[in-house]
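Below is one structure; the comments refer to it alone.
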Amino acid sequence: MKEIQMTSSHKSIFSGIVLVGSFSLASLACAAGPNVATAYADFMKMDTNKDNKVSAGEHAAASKVMFDMMDANKDDKVTASEMDAVHQRVTGKKAGKADMSAADKIKVIDTDSDGILTAAEHATGSSSMLQKMDTNQDGFLTKKELAAGHASMLKKPSR
């Protein structure tokens with residue numbers, strides 16, 4: 001398996017967008033306080049034109065970077081094991097019991113229910129997540145919307 005080299009910018013983007021995020025996922029194993037701080041840092045990275053809001057285009061570009069990082073074998077598909085491997089490299093630890101599993105993250109946007117996330121499913125899911133996080137429906141994410149959205153989406157589903 002080819003090792004992916006990530007810049008600190010890529011690490012921030014991954015940790016902030018996780019589920020597309022469904023994570024984006026993600027970012028992913030921190031308590032609520034660190035998640036908010038991470039979301040704010042990720043917001044600043046996604047806000048490439050520095051207008052204090054993240055557009056759909058900026059969000060989609062960051063989501064694509066995240067998908068490309070997860071797709072270790074470059075087959076335009078991401079498995080739970082690929083997602084787990086990137087999570088561990090980015091956060092420095094395996095997902096904990098309180099974290100949403102990679103398989104559960106995939107299920108959220110896996111439209112054909114095959115347990116594998118395609119580039120198209122990821123892009124569609126990312127767009128859907130942006131719409132859900134955009135609580136005032138203005139087409140942009142504020143820092144507050146991004147932080148609240150990630151906190152909500154990264155909760156482990158109740159069984």
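What you see below is based on every heavy atom in this structure, not just the backbone, and it leaves out hydrogens, waters and symmetry mates. In this text the structure is predicted, and so the values were computed from the model without any measurement.
Atom-to-atom distance recorded for Asp104:CG and Asp110:CG is 11.5 Å, nearest 0.5 angstrom. The CE atom of Met100 sits 13.0 Å away from atom NE2 of His87, with the distance rounded to the nearest 0.5 Å. For the atom pair NE2 (His59) and CE (Met129), the distance works out to 9.5 Å, reported to the nearest 0.5 Å.
Across every non-hydrogen atom of Leu117 and Phe67, the tightest pair is O-CE1, 3.7 Å. When all heavy atoms of Thr142 and Phe43 are compared, the closest pair comes out as C-CE1, 3.5 Å. When all heavy atoms of Met133 and Glu145 are compared, the pair lying nearest together is O-CB, 3.3 Å.
With sequence neighbours excluded, the residues forming a side chain to side chain contact (heavy atoms under 4.5 Å, CB included) with Asp84 are Ala102, listed by chain and number. With sequence neighbours excluded, the residues satisfying side-chain hydrogen bond (donor to acceptor under 3.5 Å, both in side chains) with Ser81 are Thr79. In this structure Lys144 satisfies the salt bridge (charged side-chain N to carboxylate O under 4.0 Å, His left out) test with no other residue, sequence neighbours excluded. Take Thr124 and apply the side-chain hydrogen bond (donor to acceptor under 3.5 Å, both in side chains) test, not counting sequence neighbours, and it matches no residue. Looking at residues two or more places apart in sequence or on another chain, you find a side-chain hydrogen bond (donor to acceptor under 3.5 Å, both in side chains) between Asp75 and Asn73.
With a 4.5 Å cut-off on side-chain heavy atoms, Ile106 and Met83 count as touching. Lys77 places none of its side-chain heavy atoms less than 4.5 Å from the side chain of Glu82.
Listed for the Glu121 side chain is a donor-acceptor partner under 3.5 Å among the backbone atoms of Asp112. Side chain of Asp42 to backbone of Met46: no donor-acceptor contact under 3.5 angstrom is found.
Among the candidates Asn136, Thr135, Leu141, the single residue satisfying the side chain to side chain contact (heavy atoms under 4.5 Å, CB included) test with Asp138 is Asn136.
Listed by first and then second residue, the salt bridge (Lys or Arg N to Asp or Glu O under 4.0 Å) pairs involving residues 55-65 are Lys64-Asp68 (not counting sequence neighbours).
Clustering ILVMFWY residues whenever any of their side-chain heavy atoms sit less than 4.5 angstrom apart, transitively, puts Leu130 in the very cluster that holds Met44.
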